[in-house]
Amino acid sequence: MNLTTKDELLSRFLKADNEPLSGQQLADEFGISRTAIWKHLQTLQDEGYTFETIKKKGYLLTSKPDRVDPARISSYLTTTRLGHHVHYYDEVTSTQTIAHELVRNGAEDGTVVVAETQTAGKGRMARPWESTKGKGIWMTIIIRPNILPHQAPQFTLIAAVAVVNAIRSLYESIQPEIKWPNDILLNGKKCTGILTEMIAEMDGVQALLIGIGINVNQELEDFPDELKNIATSLSIEANNQLDRAELIAKILHYLEKYSDIYLDHGFEPIKTLWEEFSGTIGKKIKATTLREVVEGTAIGITEDGVLEVRIDDGEIKRIYSADIEIE
């Protein structure tokens with residue numbers, strides 16, 4: 001993990017399970033003076049963490065702000081590749097934009113860009129994405145799989161399965177569903193969007209940038225009026241505040257797991273999971289493409305992740321890209 005000394009120190013406290021840590025032992029462990037340890041703790045307190053001094057025992061972390069900084073993520077991380085290099089920002093235009101720059105500079109497979117807010121977050125078709133500060137997950141994961149360009153769209157579906165599994169594993173009261181191709185809904189309202197961008201040459205993919213935006217701890221008043229009837233957050237549906245860093249780590253866990261399954265065994269295992277979690281399959285839908293409007297029943301996805309729709313005369317249409325309305 002690419003942690004600074006301050007973040008490494010914070011990570012030790014986060015993993016200490018409410019036990020005090022000796023200042024002298026920390027100084028010995030990090031190879032710095034006790035004064036330097038104290039200065040790092042002062043910086044952490046400026047960032048919203050609070051510590052109590054326990055006589056003859058050391059320092060105890062007593063409260064922590066809801067941040068998605070590298071130390072918080074690393075304290076939950078279980079992956080071997082994803083999330084071991086985290087670029088954390090208080091504010092960015094878009095995590096996708098930062099990720100593009102990092103790829104050009106040789107960013108490693110599994111690098112994560114995460115921010116507390118985006119001023120120009122974007123979804124599919126360059127639509128704006130509302131990124132409430134400190135209340136959502138706004139991140140881009142850089143992966144470098146050995147695949148051909150035509151396989152890239154399948155990673156949007158892999159990411160959707162990973163996000164749904166992460167949410168369900170942490171919050172049993174929430175039952176998210178996937179709306180083809182890249183939205184995750186709670187009780188029919190959007191809480192998550194996924195945007196996969198590819199950097200490739202003719203013979204292969206250099207990198208995929210998987211952008212994930214999740215409404216986590218927003219309250220209804222955090223949404224603009226035009227979104228209040230169509231958007232929701234995990235917190236609203238669970239009636240509880242959630243740990244964003246823990247959810248990020250869990251998403252990275254499942255994204256690594258399902259990416260490996262895909263690369264080893266093909267799309268079929270992912271397809272089965274995707275259809276199990278789908279809120280689109282079996283429903284009457286209207287798909288608006290650039291050329292036509294298709295109305296019918298969504299019956300499944302192909303091995304390439306293309307949506308299949310049976311129209312009234314029995315013909316099956318394949319939808320490669322569209323806006324979907326579920327009737």
Exercise for the section: Please determine if Glu275 and Lys271 form a salt bridge, counting it only when a charged side-chain N lies under 4.0 Å from a carboxylate O. Expected result: yes

Fill in the blank from the handout: What one should report as the nearest heavy-atom pair of Gly83 and Val112 is CA-CG2, 3.8 Å

Handout entry: Heavy-atom side-chain proximity of Met139 to Ile251 below 4.5 angstrom
Key = yes

Handout entry: Greater than 12 external heavy atoms within 6.0 Å of Asp264's CG
Key = yes

Problem - Point-to-point distance, once rounded to the nearest 0.5 Å, from OG1 of Thr302 to CZ of Phe267 - result: 7.5 Å

Fill in the blank from the handout: What one should report as the nearest heavy-atom pair of Pro176 and Ile167 is CG-CG2, 3.9 Å

Problem - Side-chain donor/acceptor of Thr140 to backbone N/O of Val113, under 3.5 Å - result: no

Completion exercise
Taken to the nearest 0.5 Å, the spacing of Gln118 CD from Thr93 OG1 works out to 8.0 Å

Problem - Atom CG of Asn229 with >12 non-hydrogen neighbours under 6.0 angstrom - result: no

Practice task
Following the transitive rule for hydrophobic clusters with a side-chain heavy-atom cut-off under 4.5 Å over Ile, Leu, Val, Met, Phe, Trp and Tyr, establish whether Ile261 and Phe277 coincide in one cluster.
Solution key: yes

Exercise for the section: Using only heavy-atom distances, determine whether the side chains of Glu256 and Thr80 contain a donor-acceptor pair under 3.5 Å. Expected result: yes

Practice task
Considering non-hydrogen atoms only, spot the tightest contact between Ile54 and Pro20 and give its length.
Solution key: CG1-CB, 4.2 Å

Practice task
Kindly determine whether Thr53 and Tyr59 satisfy side chain to side chain contact (heavy atoms under 4.5 Å, CB included), including the steps that lead there.
Solution key: CA-CA 5 Å; Thr53 303; Tyr59 302 105; 3.8 Å; yes

Problem - Glu237 CD to Thr232 OG1 distance, which is reported to the nearest 0.5 Å - result: 3.5 Å

Practice task
First locate atom CD1 of Ile285, then atom OG1 of Thr280, and finally report the distance between them rounded to the nearest 0.5 Å.
Solution key: 7.0 Å

Problem - Distance-only polar pair, side chains of Thr117 and Glu91, donor-acceptor under 3.5 Å - result: no

Practice task
Run through Lys64, Arg72, Arg67 and flag the one making a salt bridge (Lys or Arg N to Asp or Glu O under 4.0 Å) with Glu47.
Solution key: Arg67

Practice task
Indicate whether any N or O donor in one side chain lies under 3.5 Å from an N or O acceptor in the other, for Gln151 and Tyr262.
Solution key: yes

Practice task
Work out which heavy atom in Gly279 is nearest to a heavy atom in Ile326; give both atom names and the distance.
Solution key: O-CD1, 3.5 Å

Handout entry: From CA spacing to verdict: side chain to side chain contact (heavy atoms under 4.5 Å, CB included), Leu247, Leu242
Key = CA-CA 8 Å; Leu247 180 54; Leu242 309 177; 5.9 Å; no

Exercise for the section: Could you tell me whether the side chain of Ser278 and the main chain of Ile281 form a donor-acceptor pair under 3.5 Å? Expected result: yes

Handout entry: Donor-acceptor under 3.5 Å (His40 side chain, Leu10 main chain)
Key = no

Completion exercise
Looking only at heavy atoms, the pair that brings Pro181 and Leu157 closest together is O-CD2, 3.5 Å

Handout entry: Check: Ile230 and Lys189 side chains under 4.5 Å, non-hydrogen atoms
Key = no

Practice task
Report whether Leu263 and Ile143 are members of the same hydrophobic cluster (ILVMFWY, side-chain heavy atoms less than 4.5 Å apart, transitive linking).
Solution key: yes

Handout entry: Side-chain touch Arg144/Val103, heavy atoms, less than 4.5 angstrom
Key = yes

Problem - Check: Glu172 main-chain N/O paired with Gln175 side-chain donor or acceptor under 3.5 Å - result: yes

Exercise for the section: Would you confirm whether Lys179, through its side chain, and Ile324, through its main-chain N or O, come within 3.5 Å as a donor-acceptor pair? Expected result: yes

Exercise for the section: Could you tell me whether the side chain of Trp180 and the main chain of Gly300 form a donor-acceptor pair under 3.5 Å? Expected result: no

Handout entry: Hydrophobic cluster identity match, Leu14 and Leu170, side-chain contacts under 4.5 Å
Key = no

Handout entry: Close side-chain approach of Ile311 and Val294, heavy atoms under 4.5 Å
Key = yes

Identify each donor-acceptor pair in which a side-chain atom of residues 199-212 lies under 3.5 Å from a protein atom, sequence neighbours left out, and give them as a table.
from: Glu201; atom 1: OE2; to: Gln206; atom 2: NE2; distance (Å): 3.3

Practice task
Give the intermediate values and the outcome of side chain to side chain contact (heavy atoms under 4.5 Å, CB included) for residues Tyr76 and Lys250.
Solution key: CA-CA 8 Å; Tyr76 294 111; Lys250 191 65 76 172; over 6 Å; no

Exercise for the section: Taking the side chain as every heavy atom from C-beta outward, state whether Leu3 and Ser74 have any atom pair closer than 4.5 Å. Expected result: yes

Problem - Check: His253 main-chain N/O paired with Thr78 side-chain donor or acceptor under 3.5 Å - result: no

Handout entry: Check: Asp28/Gln24 side-chain N/O donor and acceptor closer than 3.5 Å
Key = yes

Handout entry: Residue pair Tyr171 / Asn240, side-chain donor-acceptor N/O under 3.5 Å
Key = no

Exercise for the section: Kindly check if the number of other-residue, nucleotide or ligand heavy atoms within 6.0 Å of NZ (Lys57) is above 12? Expected result: no

Practice task
Go through Trp138 and Val68 one step at a time and tell me if the side chain to side chain contact (heavy atoms under 4.5 Å, CB included) criterion holds.
Solution key: CA-CA 10 Å; Trp138 325 120; Val68 288; over 6 Å; no

Practice task
May I ask you to check whether Phe13 and Tyr49 place their ring centres under 6.0 Å from each other?
Solution key: no

Practice task
Answer yes or no: is there an ion pair linking Asp260 with Arg81, defined by an N-O contact shorter than 4.0 Å?
Solution key: yes

Practice task
Nearest 0.5 Å please: distance from the CD1 atom of Ile248 over to the CD1 atom of Ile137.
Solution key: 4.5 Å

Handout entry: Flag if over 12 foreign heavy atoms under 6.0 Å of CD, Gln25
Key = no

Handout entry: Whether Asp304 side chain and Val306 backbone form a donor-acceptor pair below 3.5 Å
Key = no

Exercise for the section: State yes or no: do Leu195 and Leu102 share one hydrophobic cluster built from I, L, V, M, F, W and Y residues joined by side-chain heavy-atom distances below 4.5 Å, directly or via other members? Expected result: no

Problem - Main-chain N/O of Glu219 paired to Asp222 side chain as donor or acceptor, under 3.5 Å - result: yes

Handout entry: Ion pair check, Lys133 and Asp90, cut-off under 4.0 Å
Key = yes

Handout entry: Joint hydrophobic cluster, Val114 plus Leu234, side-chain heavy atoms closer than 4.5 Å
Key = yes

Practice task
Considering non-hydrogen atoms only, spot the tightest contact between Thr196 and Ala152 and give its length.
Solution key: CG2-O, 4.3 Å

Exercise for the section: Give a yes or no answer on whether the side chain of Arg244 reaches the backbone of Gly136 with a donor-acceptor pair at less than 3.5 Å. Expected result: yes

Handout entry: Distance (rounded to the nearest 0.5 Å) between Phe223 CZ and Asn215 CG
Key = 4.0 Å

Handout entry: Heavy-atom side-chain contact between Leu77 and Leu252 under 4.5 Å
Key = yes

